[in-house]
Structure formats: C-alpha cells, structure tokens
There are 2 protein chains.
Amino acid sequence: MAKALRKAETSIDAITADLVAVLVAVTEGEPKIMTIANATALPSGPFQFGHRSLQTGLRAWVEAQTGHPLGYVEQLYTFADHGRTGDARAPHRISISYLGLTREDQVREASEAHWSGWYEYFPWEDHRAGSPALIAKIVAPRLRAWAKSAESASVQKARWQRAAITFGIDDRAWNEELVLQRYELLYEASLIPEAVRDKRTGEAVVPGRAMISDHRRILATGIARLRAKIKYRPVVFELMPAEFTLLQLQRSVEALAGRTVHKQNFRRLIEQQELVEETGAMAAETVGRPAKLFRFRHGVVAERAVAGTKLPLSRS
Amino acid sequence: MAKALRKAETSIDAITADLVAVLVAVTEGEPKIMTIANATALPSGPFQFGHRSLQTGLRAWVEAQTGHPLGYVEQLYTFADHGRTGDARAPHRISISYLGLTREDQVREASEAHWSGWYEYFPWEDHRAGSPALIAKIVAPRLRAWAKSAESASVQKARWQRAAITFGIDDRAWNEELVLQRYELLYEASLIPEAVRDKRTGEAVVPGRAMISDHRRILATGIARLRAKIKYRPVVFELMPAEFTLLQLQRSVEALAGRTVHKQNFRRLIEQQELVEETGAMAAETVGRPAKLFRFRHGVVAERAVAGTKLPLSRS
DNA sequence: TGAGATTATACTTATCCTGAGCATAAGGGA
DNA sequence: TCCCTTATGCTCAGGATAAGTATAATCTCA
C-alpha cells in the first residue's frame, strides 16, 4: 500500500501551475499592490519548463513586466482550484502565491498593470483613524444576523464569538493579523461579491473592491503575512527609499499594520536595535522641525541573520 | 506583454505534484517522525484528480497508510525539483509539503512505515543536555575550514559569521528555530551525505542520517515551523494524550524545542493562560510526589481563536 | 522507621520591557 | 512674536520574565 502511495506508477495526473504575486509597495504612507485587468486581478503567470525554479519563474515575469528586479520575495501558499470547472476530468490547476516587496518608483508601469491601494480591497482593515465606521454600521449587524440564522443555539454562539473575535467587536482588541480570517468569515457569511458569485446566495453588502477567482483571498494572505512579519523581521526597509526620516518609517509601518503606534516608543525601539544609522543629512521641505535622515544598516541582516525586529505593535 | 503573462495561451506546461508529509508525534519525551523506505524517506504520494483539494489528498493517503484520521495539518512549502533529471523536457515535478501532528499510539504502523526519532536526522539540534559535542568537535572546525577556503577575505568573514550565528558558536546564543538555515549551511559546505551525493564534492563528516531527494530539507522546514509555532499557538496539545501532567507537557515542549525550560516559570505561564484544567485525578506510577493530571481546555481555541500561547523559550 | 532521592508546587526577587505621558527643541508662517 | 508642527529626550508605573528559595508529597532502601 505504502508503495502505491509513493509513486504515481499507473497514471500520471498532470496539472498546470500558476504563479501569483502579491507585489507590495508603500507610497506616501499608503500601501499599494500591483494589479492587472482593471485592478480586478493580481499579476499571475504560468510556471513554464524554462524556469529553473518556482522563484526564478516568478522573478522572470515580474521583471519582464515591471522592468525592475524583484528584491524580497517569499512564498505564501499553494492551493488547488478544486473543481472550479466542474469537470473532474479537466486538468487541475495549482496556484502558488508569493509575496514580493518593492518600491513604486522602482517600477515602470506596464500598460495593463498599475498600483492600487490595498485598503480599496479591504476597507475594514484600516484602523489608523480608529475603527472604520463600516464595521459598526454594516459588518457587525450583518454578522450578528448571520450568526442568528444558524439553527442550533450552540452554532449561533460559536458564530458570533468568531465574528466578535476576528473583528474586535464587544470590547475585544483588534488584531490586525487576522486579515485572512476576516475575509473568510465575510465570505462564509456571503456578505461580499465573491461569495455571491461563487455560491449564488447572500448579498454583497460589505464595501470593498472584489477580484477575480480567489485573488482577494490571496491578497488577504499576503497582507496577513506582511503584518506579522514586520514585527520580527526588518522587512519594512525593503519598502523604504534609501534615506528616510523616522516618521516616514513609522508611517510606512502604520500603513501596513493599519494602526498607529506611539511615536516616542517607536523611535526608541528602532534606535536601540541599531537597525538604522544617521546619514548626516536632514530632511528638506518639511513642516515643523527638520528631521534627521536615516538609512537602513544592511549589516544587521548579516550580523544577526534573522535576529528580529521589535515594533510596538502588540496590544494597545 | 502582461496579457501573455496571465495565461498559458500557447503551450500547456503540464507538471505533476507530490504531497509530502512531515508527520510528527512525541512519545516519552522524544519527537518522532513517520518515515518509509527504511527510514530514508518521508511519506509522500501524488496529487490525483480524485482529490478534491490538496489537503484532502494528503489526508486521504495518510489515513490509508496509518489507519487514523489526521488531526492538525498545515502547509509547509512548495518547491520544484529543478532539473534533477537533467532533462529540461522531462515533466517538472512539484512537491507540496505539509506538517501534521498526531500521536504515535493513534497510528497503526503499516508494513513499510515506522516512526523514527527526529534527532537521528539532526543530532546537532538536540540541546537539552547542553550543546552537543559534535558541534564543537566537528561542525565548528569544519565550517571554519569551509569559511577559510573562500577566496576573498570578505566572503571568508561573511561565511564564518553566518556559521557562528546559525550554530551559536563564539558565545552567541543558540537559536533553536534556525533548523533550516543550519541544514542548508551544512549542505552548502558539503559536509553531509546529500551534498556529496548531489554535488559530487566534499565529505560527509557530520553525523546524522540522510534521506532521499530533499526530504531532510523538508523535515528541517517542518521542525523549524513547529519550533516556532509552539511558542505562540497551542499546538503542543495535538501531540499530547488526553490527560497529562505539567511535567509531561514540559518534556514534550522541550523535546520539540531541543532545549530545556525553567520548570516553575513554565507552569506559571501554562496556568495563567488557562490553557489547561485539572482533571481531578492524579498521575499514577511515578517517582516522587504525584502530580495532578490536566487536560487541554479546547474552549480556548474558540475563545481566543488564534490568541497565542506563551512559552518560556526566548533567550537563556 | 527514617534518611535520601525525586518530583510537585508555592513564593520571592531583581531585571527588563512596554505603554504612556511630559517637556523641550527647532523649524515655518501669520 | 506667537503659534503650529514635527523632532527628540526623558521619566515613570505596571507588567512580564528569568532565576532562585522554600516547602510538600511520595517512593526506595537501609
């Protein structure tokens, strides 16, 4: 038995693999993602024989499209489009998704591709100016109705508990990392266009731009990963220009995390970790007292390998 | 151009996908993994059309092989076997790896499958009784030689710095999460059988059982993921029997992490997080004072969703 | 029966980290 | 000059953490 499981000896179940990229940049304190097809899809291309590896495949066509080499890239998730075609005999398609970090100005926009703000797709994720009104006005009541629509009381309770936890309702703390869980909850409750499209039920009442296939789910995965990662790896710097002020750095972090941080504590953490060094120059054209310019100390990556960045992004 | 990147319109580059499992159990304070082929391979099977999704595909054959349903499963990584065949025209093969957690006693061993201690494959990863002698005696000097063999002084320095960081040499702290980095370093320095096999250079001087293909790399990925995860998610309990003492729980954590923890602090953290509750019974057949038996409070998973477990596994 | 070994469990202490706020500095513009 | 804005330095309280001390309960063996 085990032998049969190890090798496809009888038939070769051939499939095709797509590479999907969540390519992120932060421009003037707003997180952007690269989109195609009128901002309804993430860039994606087929994995071809010419590619030596999955990552080189991804890099190849992202570079072809944007005109710039991809810097930081990490794999997100692999999933099979299960039975989307309905035909069990049709070749399966696997999607392998990646998170890439770059800067908008480094990219020459191709005809079809352009940058979109990621909060257009997830308006409920931006808590920098407090909890968005649509959570209290739309999401919470709709999820409560969805919870109540369950048959058994225990399921009702479980549903509402889940909703309250993921969206930080009822005095619960907002957890900015639960991006995917929130998306999946809205999908399950059929409150977003993709759910209505796929399940032919519900009503797309929650604002936010939809995407083809499950690209918005992939985007949610990418955002969640990035929000988690900036807390313990110095990846923000991939998104920053060569020189920046500490406030610009803070604004980028806040843009990604979707929440604000305590300024003084942010500076303290950044400086005590020796992640940055002064360039000696000062920022020009600013309001208020001019700020020192800093640059990322690339040395720390080597020095501490994967040591870890701390950011004041825990509770609050 | 962007259009061409979105769809494989001309040729369909068909590939096959393998599902590979790192199936972990902890028995009597020793972490085990399920192996086949005389303990030289991880169980793996092809993804077939009959499988509704990747995870169900994985579950299907793991259950067929072990006779028990798989509990906790999470995806690890997807990679392409780049040009292993050397023939660029041969169909590519993609491996999608998963981490699964179970208990040894739940599994009926199939003929070919059995459990192996994971430190047989990574003897340098077990620091429960202090840093293993082979690091100071074999790994460190060999890596130093490898560093010195570089041409430029800067590469020499970078190599040694990397070695010292990943293996915690020269008064650096041991970081138990760098399992994959350590394996890849040993591979790069051609000190393990797989490297000698693939690159036809070097000498396999570092102890530790080898595996076919890159299964040992996948195993390293799984161990690293698990070591990271037990610190912030209550996954250890997937590996525990229904009732256990706090010391048994601690021993399991230590087995996985490969390091010891402070007993009193461990108990305090576990209890204050309300992860467990007393069963009322006491452990029988023990040396010393009998311990209370505890069970995992499954409620916390729902209550706090992904809230987080804390374990005293940071520095020290 | 009692000492020693072994494990369980309760408490204490010093230190570090974190969140939050106060205060001052340095620019520009009305 | 006053005010607004941002930069930057410093303090402080509370909580978390690491590490140690102390005591309790059981078994084994002399």
Side-chain angles (χ1 to χ4, degrees), chain A residues 28-29 127-128 173-176 230-232 243-254 257 259-294 307-316, chain B residues 28-29 127-128 173-176 230-232 243-254 257 259-294 307-316:
Chain A
E28 289 171 18
H127 284 232
R128 285 176 292 179
W174 170 258
N175 183 342
E176 71 278 358
I230 51 171
K231 293 179 191 166
Y232 61 98
E243 303 193 348
F244 48 84
T245 68
L246 290 185
L247 185 59
Q248 287 168 348
L249 181 65
Q250 182 183 345
R251 292 285 179 249
S252 293
V253 168
E254 290 175 334
R259 70 187 327 177
T260 54
V261 302
H262 183 102
K263 192 185 206 172
Q264 294 93 320
N265 291 343
F266 179 82
R267 308 172 108 268
R268 180 178 57 190
L269 279 182
I270 296 296
E271 289 183 320
Q272 83 181 18
Q273 290 174 97
E274 298 181 305
L275 292 170
V276 298
E277 62 189 4
E278 298 182 12
T279 67
M282 304 291 276
E285 302 179 32
T286 59
V287 215
R289 174 173 167 178
K292 289 178 188 165
L293 283 174
F294 291 82
T309 330
K310 279 175 289 185
L311 291 176
L313 274 173
S314 22
R315 273 153 298 270
S316 175
Chain B
E28 290 171 19
H127 285 232
R128 285 176 292 179
W174 171 257
N175 183 342
E176 72 277 0
I230 50 172
K231 292 179 191 165
Y232 61 96
E243 303 193 348
F244 48 84
T245 68
L246 290 184
L247 186 60
Q248 286 168 349
L249 181 64
Q250 182 183 345
R251 292 286 179 247
S252 293
V253 168
E254 290 175 334
R259 68 187 329 177
T260 54
V261 303
H262 184 102
K263 190 186 209 174
Q264 294 92 323
N265 291 343
F266 179 82
R267 310 173 107 266
R268 181 183 56 194
L269 278 181
I270 297 296
E271 289 184 317
Q272 83 180 19
Q273 290 173 98
E274 298 181 305
L275 292 171
V276 297
E277 61 190 4
E278 298 182 13
T279 66
M282 304 291 276
E285 302 179 32
T286 59
V287 213
R289 174 174 169 177
K292 290 179 189 164
L293 282 174
F294 292 82
T309 330
K310 280 176 287 183
L311 291 176
L313 274 172
S314 21
R315 272 155 298 270
S316 179

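FYI, side chains are in, hydrogens and waters are out, and symmetry mates aren't considered; it's all heavy atoms of this structure. Predicted, not measured: the structure shown is a model, and the values here were computed from it. A, B, ... follow the sequence lines: proteins, then strands. Residue 1 opens every chain.
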Exercise. State which residues pass salt bridge (charged side-chain N to carboxylate O under 4.0 Å, His left out) with A:K263; sequence neighbours excluded, sorted by chain then number.
Key: none

Self-check item: A:E278: partners by salt bridge (charged side-chain N to carboxylate O under 4.0 Å, His left out), with sequence neighbours left out
Solution: A:K292

Practice problem: Check side-chain contact (heavy atoms from CB on, under 4.5 Å) between A:A291 and all other residues, then give those that pass, not counting sequence neighbours. | Solution: A:T245

Quiz item: For B:S252, what residues pass the side-chain contact (heavy atoms from CB on, under 4.5 Å) criterion, not counting sequence neighbours?
Solution: B:V26, B:V236, B:M240

Identify each atom pair where a protein N or O and an N or O of nucleotides 10-15 of chain C are less than 3.5 Å apart, giving names and distance.
{"residue": "C:dA10", "atom": "N6", "partner": "B:Q264", "partner atom": "NE2", "Å": "3.3"}

Practice problem: Taking all non-hydrogen atoms of both residues into account, name the closest pair between B:T279 and B:F294 and its distance. | Solution: CG2-C, 3.7 Å

Quiz prompt | Test side-chain hydrogen bond (donor to acceptor under 3.5 Å, both in side chains) applied to A:Q264 - qualifying residues, sequence neighbours left out | solution = A:H262

Self-check item: Contacts of A:E277 that satisfy side-chain hydrogen bond (donor to acceptor under 3.5 Å, both in side chains) - sequence neighbours left out
Solution: A:R295

Quiz item: Could you give the angle between the helix axes at the two ends of the helix from C:dT1-D:dA30 to C:dA30-D:dT1, with five pairs per end, rounded to 10 degrees?
Solution: 10°

Quiz item: Residues in side-chain hydrogen bond (donor to acceptor under 3.5 Å, both in side chains) with B:E243, at least two apart?
Solution: none

Quiz prompt | Euclidean distance, atom OH of residue B:Y232 to atom P of D:dA16 [Å, nearest integer] | solution = 21 Å

Self-check item: Nearest-Å distance for atom pair NZ/P, residues A:K231 and C:dT18
Solution: 13 Å

Quiz prompt | Note, B:I270 side chain near B:Q250 side chain (heavy atom, < 4.5 Å) | solution = no

Exercise. May I have the distance from A:Q250 (atom CD) to D:dA7 (atom C1'), rounded to whole angstrom?
Key: 11 Å

Quiz item: Starting at CZ of A:F266 and ending at P of D:dC10, how long is that distance when rounded to a whole Å?
Solution: 20 Å

Practice problem: Under the salt bridge (charged side-chain N to carboxylate O under 4.0 Å, His left out) rule, collect the residues that match up with A:R267, sequence neighbours excluded. | Solution: none

Exercise. Please tell me which of the listed nucleotides, D:dT8, C:dG21, C:dT18, lies nearest to the side chain of A:H262?
Key: C:dG21

Practice problem: Return the set of residues passing side-chain hydrogen bond (donor to acceptor under 3.5 Å, both in side chains) with B:R128 (not counting sequence neighbours), or none when no residue passes. | Solution: B:E30, B:D126

Practice problem: Please report, rounded to the nearest Å, how far the C1' atom of D:dA7 is from the CG atom of A:L249. | Solution: 15 Å

Quiz item: Should A:K263 be listed as having a side-chain N or O under 4.0 Å from OP1 or OP2 of D:dT6?
Solution: no

Quiz item: Hey, does A:L246 reach any base, or is it just sugar-phosphate, or nothing, if we go heavy atoms under 4.0 Å?
Solution: nothing

Atom pairs, N/O to N/O, protein against nucleotides 24-30 of chain C, distance under 3.5 Å?
{"residue": "C:dA25", "atom": "N3", "partner": "A:R289", "partner atom": "NH1", "Å": "3.0"}
{"residue": "C:dA26", "atom": "O4'", "partner": "A:R289", "partner atom": "NE", "Å": "3.4"}

